[in-house]
Amino acid sequence: MAGGVGSRFWPMSTKEHPKQFIDVLGVGKTLLQLTVERFGPIVKPENVWVVTNQKYAGIVSEQLPSMPRDHILCEPCRRNTAPCIAYVSWRIKCMDPSANIVVTPSDHIVMNVQEFQRVISESMKFTADTDAIVTLGMKPNRPETGYGYIQANLSSNSLRNKEMFRVDSFREKPDLTTAQQYIQKPNYFWNAGIFVWNVHTIVNAFRMYQPSLARIFESMTPVYGTEKEQEVINERFPECENISVDYAIMEKADEIFVCPADFGWSDLGTWGSLHQQSHKDLYGNALIGPDITLFESRDCIIHTTQEKRVVIQGLDGYIVAENNDTLLICKLSEEQRIKQFSGEN
């Protein structure tokens, strides 16, 4: 899923060039490219699909030049994750009615790629010939209020795979007090928004729990893979309800399992989360760029990758980030105001 318009990493990311298409980590690859790359050993290249907004199709093609153009599905408007997932599910079903599907955002990071691949492979084995839906649950290491949580029943794991546990409930993003309570319990996990299921399972789930959405995408079956597909999608997609897959399916379905995982995951929603995930020096500074020198500074994140020499003295808890003709210097504790600074309200 690569249709998000987040500009929270301004000035690097903007509505025209959101974070999934930028090199946030300073490794020479965008988050989208890293997402596709880590599936390399477990998914054939011809089985990778990207769902994005029409205005980003060119960027996706540019960043993933080997991807078949008809595997870039274009939404004419934003309608949240349920219509996005329904579209690609029906599209894949037309090609392979027994396909196993992994749904993942394109703008997250994974530090331990090998463990990620192991968890995904185990989850795909589990869903290959069952009606189970698997969601990945990240083991929390702090009382995070920016994530939803999954409450698992750790006394009820699957006989087929002891890593899979039944989900008791999904919990909305909590306040700090509630989050502190959650992380004291071994059966609460962050909801990473990564799902694994068989195509017939998810299509049937839409038919049962979201029949209006199912009718829209079922009606388009004759045009999938034809020259008329985009024209019909442009006409019918705006009819879809704006609803997340969590509300549409996950909170209603019965056969929901969580696979607890710990592979260094972050959704990189803020400069603060990037600071947490990045390697830091002895003074807590995360430096992303080729030529950065700090003096008497601590707990900062500096993202300057455009070949300038950067020398900083005397900052404590700041963001310093550049992109083309824009330089941001902002307190990490005040980064919620970046949208105000950027003029992208």
Side-chain angles (χ1 to χ4, degrees), residues 1-8 15 18-20 31 35 49-53 56 73-92 101-108 123 127 132-138 140 144-152 167-175 178-179 182 188-197 199 201-218 233 236-259 265-270 273:
M1 296 184 291
V5 296
S7 55
R8 284 172 289 186
K15 289 180 180 177
K19 67 172 179 171
Q20 62 266 31
L31 294 177
T35 299
W49 297 74
V50 175
V51 187
T52 191
N53 189 281
Y56 302 141
L73 304 186
C74 296
E75 302 171 330
C77 57
R78 296 184 69 200
R79 284 295 183 269
N80 216 316
T81 54
C84 164
I85 289 169
Y87 178 17
V88 72
S89 297
W90 259 271
R91 183 69 175 80
I92 291 171
I101 297 177
V102 182
V103 176
T104 179
S106 61
D107 57 357
H108 295 181
S123 299
T127 60
I133 290 174
V134 172
T135 181
L136 301 194
M138 303 298 107
E144 176 61 61
T145 60
Y147 298 153
Y149 285 72
I150 300 166
Q151 181 186 12
V167 171
D168 274 347
S169 65
F170 291 89
R171 301 298 179 94
E172 294 300 309
K173 295 175 182 178
D175 58 29
T178 305
Y182 286 170
Y188 278 76
F189 303 92
W190 288 334
N191 185 353
I194 300 172
F195 309 108
V196 187
W197 43 48
V199 68
T201 300
I202 190 60
V203 164
N204 287 340
F206 273 108
R207 287 169 176 159
M208 180 173 294
Y209 303 114
Q210 298 296 324
S212 60
L213 271 180
R215 282 193 293 270
I216 290 172
F217 292 102
E218 191 78 51
I233 283 291
R236 300 299 309 277
F237 199 85
E239 299 173 19
C240 297
E241 181 183 357
N242 188 332
I243 186 172
S244 73
V245 73
D246 297 273
Y247 285 123
I249 302 295
M250 304 301 288
E251 295 185 2
K252 296 180 172 65
D254 294 325
E255 291 293 303
I256 306 287
F257 290 81
V258 59
C259 180
W265 169 89
S266 173
D267 78 342
L268 285 186
T270 62
S273 63

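Just so we're clear, the structure is a prediction, and the values are computed from it rather than from any experiment.
A distance of 12.5 Å separates CG of N53 from CG of L73, quoted to the nearest 0.5 Å. Rounded to the nearest 0.5 angstrom, D246 CG and E172 CD are separated by 8.0 Å. Taking OG1 from T127 and CZ from F257, the interatomic distance works out to 11.5 Å, rounded to the nearest 0.5 Å. In this structure, OG1 on T104 lies 4.0 Å from CD1 on I194, to the nearest 0.5 angstrom. We find the SG-CD1 distance between C240 and I216 to be 4.0 Å, quoted to the nearest 0.5 Å. Atom CZ of R236 and atom CZ of R215 lie 10.0 Å apart (nearest 0.5 Å).
A 6.0 Å sphere centred on OH of Y247 holds no more than 12 heavy atoms belonging to other residues, nucleotides or ligands. Counting heavy-atom neighbours within 6.0 Å of K173 NZ, excluding the residue itself, gives a total of 12 or less. Surrounding CZ of R78 are at most 12 heavy atoms belonging to other residues, nucleotides or ligands under 6.0 Å away.
Of all the heavy atoms in S123 and L136, the pair that sits closest is OG-CD2, 3.9 Å. The two atoms that bring V199 and S89 nearest to each other are CG2-O, 3.4 Å, heavy atoms only. Nearest heavy-atom pair across T81 and V245 is OG1-N, 2.8 Å. Of all heavy-atom pairs between Y56 and K15, the closest is OH-O, 2.6 Å. What you find for G146 and E144 is that their closest heavy atoms are N-OE2, 2.8 Å.
The side-chain heavy atoms of K252 and Q210, taken from C-beta on, include a pair separated by under 4.5 Å. No side-chain heavy atom of E251 sits under 4.5 Å from any side-chain heavy atom of S169. No side-chain heavy atom of N80 sits under 4.5 Å from any side-chain heavy atom of I243. The shortest side-chain heavy-atom distance between M1 and V103 falls under the 4.5 Å cut-off. The shortest side-chain heavy-atom distance between M138 and Y147 does not fall under the 4.5 Å cut-off. Contact of the I133 side chain with the I249 side chain is registered, since non-hydrogen atoms from C-beta on lie closer than 4.5 Å.
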- Message: Using side chain to side chain contact (heavy atoms under 4.5 Å, CB included), reason through I92 and I101 one step at a time and then give a plain yes or no.
- Response: CA-CA 9 Å; I92 291 171; I101 297 177; 4.0 Å; yes

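Checking each of F170, F189, Y182 against Y149 for a ring-ring contact (aromatic ring centres under 6.0 Å, His included) leaves exactly one that passes, namely Y182.
In this pair, Y87 and F217 present their aromatic rings parallel. The plane angle is below 30°, not in the 30 to 60° band.
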